[in-house]
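Report on one structure; see the data block that follows.
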Amino acid sequence: MRRPPGPEPDIELWLHVPSRLDLVGEAVELLTTQTEHERRTALSARQLRFQFRTALAEALANAMTYGNRLDPEKEVEVRIHVGIRQVRVEVSDAGEGFDPDVPPDPTAPENLEREQGRGLFVMRHLADEVTFNDKGNRLCLVFRGR
């Protein structure tokens, strides 16, 4: 059977990562490399090397730290949908979830010296869209081609 003419089909990648911060770099590298190899990805090399990589690292670290409480028995699931017009990243943890509107603004004067609380802020500035499921334990990042 012949495939109809037109764009290549979308690709989905997924990975389960134990909640160990020392694995974040390897997971990000693996997923970025695989996404980069999809010749029809919507993202530019700059978007992949900086925005995608940085937001994915923040999402993984947050899910491991806050969602799974760094319990190496709990995994973080990452699903990446590589499309022609956009790349969608879903990061899920086994935690109880949270309200994404609760974290304080890290740019407020009283929060400038805090070492935590910047991950969600960074992701919201790097991705074109950031959403959560109702429970607050699954994050979806959307990156659109430029």
Side-chain angles (χ1 to χ4, degrees), residues 3-68 70 72 74-95 97-146:
R3 189 174 60 77
E8 292 292 318
D10 292 348
I11 305 296
E12 188 171 82
L13 309 167
W14 68 94
L15 183 67
H16 290 258
V17 186
S19 294
R20 292 181 25 210
L21 291 176
D22 63 309
L23 296 177
V24 170
E26 280 183 63
V28 168
E29 186 62 33
L30 175 67
L31 291 165
T32 302
T33 300
Q34 291 302 311
T35 301
E36 212 167 21
H37 283 284
E38 297 307 325
R39 67 186 189 285
R40 306 282 299 205
T41 183
L43 305 185
S44 68
R46 175 172 166 67
Q47 283 177 294
L48 270 171
R49 290 195 185 106
F50 178 69
Q51 292 165 290
F52 176 86
R53 184 182 301 250
T54 304
L56 178 57
E58 288 292 340
L60 278 168
N62 280 357
M64 290 175 180
T65 303
Y66 302 111
N68 291 347
L70 295 175
K74 294 181 179 178
E75 293 184 331
V76 173
E77 179 184 12
V78 184
R79 296 179 86 79
I80 300 178
H81 184 88
V82 182
I84 292 171
R85 291 182 179 81
Q86 68 180 25
V87 174
R88 186 178 70 244
V89 178
E90 291 182 16
V91 178
S92 304
D93 61 61
F98 81 113
D99 181 348
D101 295 325
V102 169
D105 178 0
T107 64
E110 66 273 13
N111 297 325
L112 292 176
E113 299 295 320
R114 291 186 60 197
E115 290 185 24
Q116 296 177 323
R118 290 174 172 69
L120 188 53
F121 176 83
V122 168
M123 286 184 277
R124 285 181 168 148
H125 283 81
L126 294 176
D128 293 299
E129 189 178 315
V130 178
T131 57
F132 289 85
N133 66 346
D134 289 340
K135 185 177 177 182
N137 71 334
R138 184 179 334 121
L139 162 73
C140 181
L141 302 169
V142 175
F143 299 89
R144 293 186 185 89
R146 304 274 187 256

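Remark: Glu77 engages Arg79 in a salt bridge (Lys or Arg N to Asp or Glu O under 4.0 Å) (not counting sequence neighbours). Applying the side chain to side chain contact (heavy atoms under 4.5 Å, CB included) criterion to Pro18, with sequence neighbours excluded, gives Leu23.
Salt-bridge check for Glu58 with Arg118: failed, with every basic side-chain N at 4.0 Å or more from each acidic carboxylate O.
Under a 3.5 Å cut-off, the side chain of Asn133 and the backbone N or O of Asn137 do form a donor-acceptor pair. Using modelled atom types, one side-chain atom of Asp99 and one backbone atom of Asp101 make a donor-acceptor pair closer than 3.5 Å. Of the possible polar contacts, one joining the Gln47 side chain to the Ser44 backbone as a donor-acceptor pair under 3.5 Å is found. Although no hydrogens or angles enter the test, the distance criterion places a donor-acceptor pair under 3.5 Å between the side chain of Asn68 and the main chain of Glu75.
Thr131 contributes atom OG1, which lies 8.0 Å from atom CD of Glu90 (distance to the nearest 0.5 angstrom). A distance of 14.0 Å separates NE2 of His125 from OG1 of Thr54, quoted to the nearest 0.5 Å. Distance check, rounded to the nearest 0.5 Å: CD1 of Ile80 to CG of Leu31 gives 4.0 Å. Distance check: Phe52 CZ to Arg46 CZ gives 15.5 Å after rounding to the nearest 0.5 Å.
You'll find the side chain of Val89 stays beyond 4.5 Å of the side chain of Cys140, heavy atoms only. Under the 4.5 Å side-chain criterion, counting only non-hydrogen atoms from C-beta, Arg53 is in contact with Glu29. Looking only at side-chain heavy atoms (C-beta outward), Leu56 and Val78 come within less than 4.5 Å of each other. Taking the side chain as every heavy atom from C-beta outward, Phe121 and Pro103 never approach each other to under 4.5 Å. When side chains are defined from C-beta on, Leu70 counts as touching Leu21, because their heavy atoms get closer than 4.5 Å.
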side-chain contact (heavy atoms from CB on, under 4.5 Å) between Arg49 and Thr32, worked out: CA-CA 8 Å; Arg49 290 195 185 106; Thr32 302; 5.8 Å; no

Could you go step by step and tell me if Glu12 and Val82 meet the side-chain contact (heavy atoms from CB on, under 4.5 Å) rule? CA-CA 6 Å; Glu12 188 171 82; Val82 182; over 6 Å; no

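Minimum heavy-atom separation, Leu60 to Ala27: CD1-CB, 4.0 Å. For the pair Pro104 and Asn111, the tightest heavy-atom approach, listed with the atom from each and the gap, is CB-ND2, 3.5 Å. Nearest heavy-atom pair, Met123 versus Asn62, reported as atom, atom and distance to 0.1 Å: CE-ND2, 3.5 Å. Scanning both residues, Ala55 and Leu126, for their nearest heavy atoms gives N-CD1, 3.9 Å. The two residues Leu112 and Thr107 come nearest to each other via the heavy atoms CD2-O, 3.8 Å. Considering all non-hydrogen atoms of both residues, Ala63 and Val91 come closest at CB-CG1, 4.0 Å.
Sorted by first and then second residue, the salt bridge (charged side-chain N to carboxylate O under 4.0 Å, His left out) pairs with a member in residues 132-144 read Glu129-Arg144; sequence neighbours excluded.
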